[in-house]
Amino acid sequence: MCQPKNLLKHTFYTVFIFIASLTVAFGQKQPGIPQPRGPVDLSDTSNLIIFIVLPIIVIIAYFFWRSAVKKRNRKREEENKPL
C-alpha cells in the first residue's frame, strides 16, 4: 500500500498530466475549420478512395514489407551461420 506522502505525490502528478493533456487537446482545435458531421458518404469517389482503397493498399504494402524484412533477416542468418 502507498504511503500517504507518496499517494499525494502520485495524485498530484496524475492531476497535472490530466490538465496538461486537456490544454494540449484544446489547443489543437482550430476555429473556422469545418468539422465532419454524420456518416461518410461512400457514393462520392474521393471518400471511397480515401476511406476504403488507400487503407487496403497500406495494409497490403505492410504485409509485403514484413515478408521482405523476414526474408532479408533469414538470408543474413544463413550467411552468418558458422560451418
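Throughout, residue positions are numbered sequentially from 1 according to the sequence presented.
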Q. Which word best sums up how the rings of Phe12 and Phe16 line up, parallel for under 30°, tilted for 30 to 60°, or perpendicular for over 60°?
A. parallel

Q | Chi angles and distances behind the side chain to side chain contact (heavy atoms under 4.5 Å, CB included) call for Arg66, Val69 | A | CA-CA 5 Å; Arg66 283 298 300 158; Val69 168; 4.1 Å; yes

Q: Please check if Ile52 and Ile50 belong to a single hydrophobic cluster, counting links between Ile, Leu, Val, Met, Phe, Trp and Tyr side chain heavy atoms closer than 4.5 Å.
A: yes

Q | Trp65 reachable from Ile59 in the ILVMFWY side-chain graph, under 4.5 Å edges | A | yes

Please report the interatomic distance [atom1]([X]) to [atom2]([Y]), rounded to the nearest 0.5 Å.
{"X": "Ile49", "Y": "Ile56", "atom1": "CD1", "atom2": "CD1", "answer": "12.0 Å"}
{"X": "Leu48", "Y": "Asp41", "atom1": "CG", "atom2": "CG", "answer": "10.0 Å"}
{"X": "Arg74", "Y": "Arg76", "atom1": "CZ", "atom2": "CZ", "answer": "13.0 Å"}
{"X": "Leu8", "Y": "His10", "atom1": "CG", "atom2": "NE2", "answer": "10.5 Å"}

Q) Of all residues at least two apart in sequence or in a different chain, which pass the side-chain contact (heavy atoms from CB on, under 4.5 Å) check with Arg37? A) Gln35

Q: Look only at the side chain of Asn47 and the backbone of Val40, and say whether a donor-acceptor pair between them is shorter than 3.5 Å.
A: no

